[in-house]
Amino acid sequence: MTDTPGTPLRTLFCIGVTQDFFAADDATRASVAAALPPAFERLAERFGAQVLGTMDDDQLMVGASTAWPWTSYLLADVPDLDTVSRICGIVRDTEVGDGRLWRYLRIEARVGRPLFFGTA
């Protein structure tokens with residue numbers, strides 16, 4: 001993952017939409033969409049995670065994504081594995097209606113280190 005203790009972990013959070021989201025009514029899908037921005041806002045302030053980039057594949061990826069390719073991605077430098085787990089826990093903890101976000105989304109984290117080539 002990283003060669004140097006104390007170096008942030010380069011983490012790719014992969015987020016997929018479940019079939020329950022697509023099976024839900026319009027009001028529920030709107031509630032889920034409204035819950036996402038506050039759930040994932042201020043990651044630096046709340047978790048010490050520096051967001052490096054995001055990507056949403058919703059125009060070319062339609063339907064549930066249970067594995068690769070995912071619907072959306074968030075790339076961040078994260079302080080440690082515990083923090084990676086806590087960010088994944090957003091999906092577990094965020095309430096939407098009478099349930100939680102994990103009914104409608106799936107999240108997985110890939111942890112590594114910055115690539116030594118391909119710089120800007």
Side-chain angles (χ1 to χ4, degrees):
M1 286 185 281
T2 182
D3 295 327
T4 309
T7 300
L9 302 174
R10 180 67 44 95
T11 306
L12 181 64
F13 294 95
C14 307
I15 301 168
V17 180
T18 69
Q19 186 57 40
D20 281 345
F21 177 81
F22 293 102
D25 59 32
D26 289 344
T28 300
R29 284 195 304 275
S31 293
V32 171
L36 289 171
F40 285 92
E41 72 183 359
R42 300 180 349 268
L43 294 178
E45 179 184 323
R46 292 166 50 208
F47 300 100
Q50 178 187 2
V51 175
L52 304 172
T54 62
M55 188 179 103
D56 193 348
D57 195 15
D58 68 334
Q59 289 184 323
L60 301 177
M61 169 76 157
V62 180
S65 56
T66 58
W68 178 263
W70 298 90
T71 308
S72 57
Y73 305 86
L74 191 150
L75 181 65
D77 280 341
V78 181
D80 51 45
L81 280 175
D82 180 60
T83 305
V84 172
S85 178
R86 289 175 38 226
I87 292 171
C88 287
I90 290 171
V91 172
R92 196 178 293 118
D93 298 335
T94 301
E95 294 182 8
V96 177
D98 61 353
R100 306 235 177 219
L101 201 50
W102 66 348
R103 179 175 184 179
Y104 305 104
L105 295 182
R106 182 167 185 254
I107 189 168
E108 181 178 305
R110 303 286 303 165
V111 178
R113 59 183 173 191
L115 192 60
F116 67 94
F117 62 90
T119 60

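Hydrophobic clustering (ILVMFWY, side-chain heavy atoms < 4.5 Å, transitive): Met55 and Val91 are in distinct clusters. In the hydrophobic clustering of this structure, Leu12 does not group with Val111; members are Ile, Leu, Val, Met, Phe, Trp, Tyr whose side-chain heavy atoms approach within less than 4.5 Å, directly or through other members. In the hydrophobic clustering of ILVMFWY residues, with side-chain heavy atoms under 4.5 Å counting as a link, Val32 and Phe40 come out together.
Residue Asp82 places its CG atom among more than 12 non-hydrogen atoms of other residues, nucleotides or ligands, all under 6.0 Å distant. Few gaps surround CZ on Arg46; more than 12 heavy atoms of other groups in view lie less than 6.0 Å from it.
Within the 3.5 Å criterion, the main-chain N or O of Ala27 finds a donor-acceptor partner in the side chain of Ser31.
Taking CD from Glu108 and CH2 from Trp68, the interatomic distance works out to 11.0 Å, rounded to the nearest 0.5 Å. Rounding to the nearest 0.5 Å gives a distance of 7.5 Å between CG of Leu105 and OG of Ser72. Note that CG of Leu9 and CZ of Arg113 are 11.5 Å apart. Values are rounded to the nearest 0.5 Å. A distance of 11.0 Å separates CG of Leu101 from CD of Glu95, quoted to the nearest 0.5 Å. The distance from the CH2 atom of Trp102 to the OG1 atom of Thr94 is 12.0 Å, given to the nearest 0.5 Å. The distance from atom CG of Leu75 to atom OG1 of Thr54, rounded to the nearest 0.5 Å, is 9.5 Å.
Taking the side chain as every heavy atom from C-beta outward, Thr11 and Asp77 never approach each other to under 4.5 Å. At least one side-chain heavy atom of Leu52 sits less than 4.5 Å from a side-chain heavy atom of Arg10. Considering only heavy atoms from C-beta on, Leu43 comes within 4.5 Å of Ile90 through its side chain. No side-chain heavy atom of Ile87 sits under 4.5 Å from any side-chain heavy atom of Leu74.
Contact between Ile15 and Ser65 at its shortest, heavy atoms only, is O-OG, 4.5 Å. In plain terms, the two heavy atoms of Val84 and Phe13 that are nearest each other are O-CE2, 3.8 Å. The two atoms that bring Arg86 and Phe47 nearest to each other are NH2-CD2, 3.5 Å, heavy atoms only. Nearest heavy-atom pair, Thr18 versus Ala64, reported as atom, atom and distance to 0.1 Å: C-CB, 3.8 Å. Summarising the geometry of Arg100 relative to Arg92, their closest heavy-atom pair is CD-O, 3.0 Å, with the distance given to 0.1 Å. Residues Trp70 and Gly16 share a closest heavy-atom pair of CE3-N, 3.4 Å.
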